[in-house]
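Computation of the quantities below employed the complete heavy-atom set of this structure, encompassing side-chain atoms and omitting hydrogens, waters and symmetry-equivalent molecules. Chain identifiers are assigned alphabetically (A, B, ...) following the order of the sequence lines, protein sequences preceding nucleic acid strands; residue numbering begins at 1 within each chain.
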Amino acid sequence: MSVRTRFAPSPTGFLHVGGARTALFNWLYARKHGGAFILRIEDTDAARNTDEAYSVIYQGLHWLGLQWDEGPEAGGNFGPYFQSQRNAIYEKHLATLEAKGVVYEDAGTIRFRSPRKTVVVEDLVCGKISFDMSNPVTHPDMTIRRPDGSWIFHFVNVVDDIEMQLTHVIRGEDHLSNTPKHVELYDALGAKPPQFAHIPLILNHEGKKLSKRDGGSSITHFIDGGYAPEAVANYISLLGWSPKDNREFLSLEEIRELFTLENINRRSAIFDLDKCFWLNGQYLLHMSLERFAELTLPFIDKAGIAYGSKEALLPALAIVKPKVKHLSDVPDWIGYLFTEDYAFDPAAAEKALRKTGALDRLAQLKAAFATVAEWTHPALETKLKETAEQQGVKTGEFIHPARVAVSGRAVGPGLYEMLEVLGKDRVLARFDRANAEFSA
RNA sequence: GACUCUAUCGUCCAGCGGUUAGGACACCGCCCUUUCACGGCGGAUACACGGGUUCGAAUCCCGUUAGAGUCGCCA
């Protein structure tokens, strides 16, 4: 029987890193074993479902590169993939339970009568765990249907996993205590339970289970915050799982090859934004310029930077790519390359341009640069160093004023690369502008 | 409270009876250097506690403590 896994989120309008990792692990396991990864929307609580809430889930998964084989947008032979559209199926299974006499009515609700036995769960991650379900006080009969006819999670979740022929249920450990109840339902419905794999939780900084309140942990936050999807996927894969050889920089393809349920640990993890940030920088540093441009373009367009053509943009991106840590930083880092109306950072100007002799250096450098025939990084470097030597001062005396003059700021790409990208005319003009602005 | 799970640097991850307890992020030095990064070198920091088992325990067992999860007409 081929592997079938699923991600079954509720459309809360929010996809956090914990849910994303659950989706990732299910996707990895299915892909690794040549099986199917299914997306099912658990929207039984119709009151809060909105179109936007659904699309947050789709966008998040698409962004991470987790394509589903069956589900919304994809179709499949086991649909519909929205629980809100599966009422007839639930009615059918409820009838099965009724025929067996294991459900009863209580204040308008329908409850499932527990067999009151010990249930042993064989979990692929947690091992064998037994639950004594005999005490009705501590383990009350679960409600499976509300008085208004709507269904409760435990029941529809189990019914759908049966109907959709899931072989493996990989989900957060917060469901471990629910599992014996689910197993009772599988038994009552005459179905064999799937293999369970409960993965450790991802905790917030208080050490508690992640919730909607932890806004910084939403995938939307990472998308808008300028993270590369490959970096985030890599990072979250390392929460609870590892290749066991201390490697950390892994592509989704490599992870897919190495991934096993056996290598998932049991310990809950706190999400470490610092490390995710670092990994993102590593990805931006090492990815191709094409990929960098692709990821960065939405941010540049949003900022309204008039870069003209892609041919003009690429060199600018090339020089900031090794420096930025967030894609969302790129507009700020390249903005001054595409306008003559750039602002001078007061502190930078104070230090580099208002300094005694700074404008003289600028004038000397302008004269020297004016003679440069081949406007390239190495030629400019040679010329600047030569000029510094002639004047008997350290190269920094020229470098800092030049940097601030052409960019308005003290921090940026390598000076010579920046000068090369700007081109001779603009650099000389900017020297003039700086001189005019600070000579008073 | 009951049940279940967990317990190695601040954080993430190795370790699965014998290691100077390893790697990464963060932190602190130094180097590189035109800024900021990157990179390189070095440093500080961990086996929760108590009992066993064993020649030998971070590793196996029991207990304690601590944390988390579940116990819904949320999913």
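Ring geometry for F82(A) versus Y54(A): interplanar angle over 60°, hence perpendicular rather than tilted (30 to 60°). Using cut-offs of 30° and 60° on the angle between ring planes, the pair F196(A) and Y186(A) is perpendicular. Relative ring orientation between H168(A) and Y29(A) is described as tilted, the plane-to-plane angle lying within the 30° to 60° band.
Here, C71(B) and C60(B) have their P atoms 31 Å apart, quoted to the whole Å. The same atom, C1', is picked in A37(B) and in C32(B); the two are 13 Å apart, to the nearest Å. Nucleotides C25(B) and U45(B), compared at atom C1', are 14 Å apart to the nearest Å. Taking atom P on both G72(B) and C3(B), the two are 16 Å apart, rounded to the nearest angstrom. Rounded to a whole angstrom, the distance from the P atom of G22(B) to that of G42(B) is 13 Å. Going from the C1' atom of C28(B) to that of C9(B) covers 15 Å, rounded to whole Å. Taking the C1' atom of each, C16(B) and A21(B) are spaced 14 Å apart, rounded to whole Å. Using atom P as the reference point in both G23(B) and A44(B), the two lie 12 Å apart (nearest Å).
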| Sugar-phosphate or base contact per nucleotide [nucleotides 34-40 of chain B; S, B, -; heavy atom under 4.0 Å] | BBBBSS-
| said: Please encode protein proximity along nucleotides 61-69 of chain B as a string of B, S and -, counting only heavy-atom distances under 4.0 Å. | reply: -------SB
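The cationic atom of R433(A) (NZ for Lys, CZ for Arg) does not lie both less than 6.0 Å from the six-membered ring centre of F344(A) and within 45° of the ring axis.
Residue pairs that meet the ring pair (Phe, Tyr, Trp, His ring centres under 6.0 Å) test with at least one member in residues 263-286 of chain A, sequence neighbours left out, are F222(A)-F271(A), Y235(A)-F271(A), F249(A)-Y283(A), F249(A)-H286(A), F277(A)-H326(A). Residue pairs that meet the side-chain hydrogen bond (donor to acceptor under 3.5 Å, both in side chains) test with at least one member in residues 401-414 of chain A, sequence neighbours left out, are D332(A)-R409(A).
If you check C13(B), U4(B), C71(B) against the side chain of N246(A), the one that comes closest is C13(B). For K275(A), the listed nucleotide lying nearest its side chain is G23(B); candidates were A75(B), U4(B), G23(B).
Residue-to-nucleotide proximity on RNA chain B shows that, of F131(A) and K212(A), the 5′-proximal contact is made by F131(A).
Partner assigned to G50(B) is C62(B), using Watson-Crick or G-U wobble distances below 3.5 angstrom. The nucleotide U19(B) finds no pairing partner, because no Watson-Crick or G-U wobble arrangement with both distances shorter than 3.5 Å includes it. Pairing for C25(B) is with G10(B), a Watson-Crick or G-U wobble pair whose two hydrogen-bonding atom distances lie under 3.5 Å. Using the Watson-Crick or G-U wobble rule with both distances under 3.5 Å, G39(B) pairs with C31(B). Remark: C5(B) base-pairs with G67(B). Criterion, Watson-Crick or G-U wobble with two distances under 3.5 Å. In this structure C73(B) sits in no base pair that meets the Watson-Crick or G-U test at under 3.5 Å.
Regarding contacts with the backbone of A75(B), a side-chain N or O of T44(A) is found under 4.0 angstrom from either OP1 or OP2. The phosphate of A14(B) (OP1 or OP2) has a side-chain N or O of N265(A) nearer than 4.0 angstrom.
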Show the distances under 3.5 angstrom between N or O atoms of the protein and N or O atoms of nucleotides 7-9 of chain B.
from, atom 1, to, atom 2, distance (Å)
U8(B), OP1, R267(A), NH2, 2.7
U8(B), OP2, R267(A), NE, 2.7
U8(B), OP2, R267(A), NH2, 2.5

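Looking at K244(A), its side chain has no donor and acceptor atom pair within 3.5 Å of the base of A14(B).
What you find for L314(A) and A293(A) is that their closest heavy atoms are CD1-CB, 3.8 Å. The two residues D141(A) and Y104(A) have their closest heavy-atom pair at OD2-OH, 2.7 Å. For the residue pair H93(A) and V159(A), the shortest heavy atom distance occurs at ND1-CG1, 3.6 Å.
Under 3.5 Å, the side chains of T179(A) and R171(A) contain a donor-acceptor pair of N or O atoms. Side-chain N/O atoms of S114(A) and H139(A) include no donor and acceptor closer than 3.5 Å.
Atoms CD1 and NE2, from I236(A) and H16(A) in turn, are 11.5 Å apart once rounded to the nearest 0.5 Å.
Residue-level contact check: R40(A) touches neither bases nor backbone, having no heavy atom under 4.0 Å from any strand. As judged by a 4.0 angstrom heavy-atom cut-off over every strand, E248(A) is placed among the base-contacting residues.
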| task | Kindly indicate, with the supporting measurements, whether the criterion side-chain contact (heavy atoms from CB on, under 4.5 Å) is fulfilled by F398(A) and L415(A). | result | CA-CA 11 Å; F398(A) 282 92; L415(A) 176 67; over 6 Å; no
| message | Apply side-chain contact (heavy atoms from CB on, under 4.5 Å) to residues I219(A) and V17(A) and explain how you reach the verdict. | response | CA-CA 6 Å; I219(A) 291 299; V17(A) 291; 4.2 Å; yes
| message | Quick one, F14(A) with H221(A), criterion ring-ring contact (aromatic ring centres under 6.0 Å, His included). Give me CA distance, side-chain angles, the key distance, then yes/no. | response | CA-CA 10 Å; F14(A) 192 88; H221(A) 170 84; over 10 Å; no
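Proximity of residues 143-159 of chain A to RNA chain B (heavy atom under 4.0 angstrom from any strand atom) is restricted to T143(A), R146(A), P147(A), W151(A), I152(A), F153(A), H154(A).
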